[in-house]
Amino acid sequence: MRPTSWRERYVALSTFVGRNPGLVWHFAAGEGMVPVSHTHLALTLGGVVFGAIGYYFIVRGMRIGEVSVVAPFRYSRILFAILIGTMVFGERVDMLALLGIGLIVFAGLYSLKREAQKTVQQKL
């Protein structure tokens, strides 16, 4: 057996973790296969492509830039996801989702504030 690179292991793990639970859930629920319309396929592929591009630049920004500057842009994904979900897919955000989003944003902002205070204290 040949040694594998970290990239090959990552792709294999991502495929296993991402695809297999979805297939198991699909068949366990007893749902039948339904053909996907061209419109839904285009919307899904557009979401995947633009999401991957956006995520690439967020990761690149986190590697290059100062975390306190880049981190707010990570949370802007939530806002854009809500807007696109509402405008394109007709979804509605309920109070439980808003509370969860608020908790995520608050925890992130609190962590940023705490890290900024630690940085200031270390410089003194």
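Quantities reported herein were computed from a predicted structural model and do not represent experimental measurements. For reference, positions follow the sequence shown, starting with 1. When reading the values below, keep in mind they use all heavy atoms of this one structure, side chains included, and skip hydrogens, waters and symmetry mates.
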Please tabulate, for the side chains in residues 52-63, all donor-acceptor contacts under 3.5 angstrom to protein atoms that are two or more places apart in sequence or on a different chain.
none

Anything under 3.5 Å between a donor and an acceptor, one on a side chain of residues 81-99, the other on a protein residue two or more places apart or in another chain? List them.
residue, atom, partner, partner atom, Å
Thr86, OG1, Ile82, O, 2.8
Asp94, OD1, Ala97, N, 3.0

Under 3.5 Å, which donor-acceptor pairs link side chains of residues 35-50 to any protein atom two or more places apart or in another chain?
residue, atom, partner, partner atom, Å
Ser37, OG, His40, N, 3.2
Ser37, OG, His40, ND1, 3.0
Thr44, OG1, His40, O, 2.8

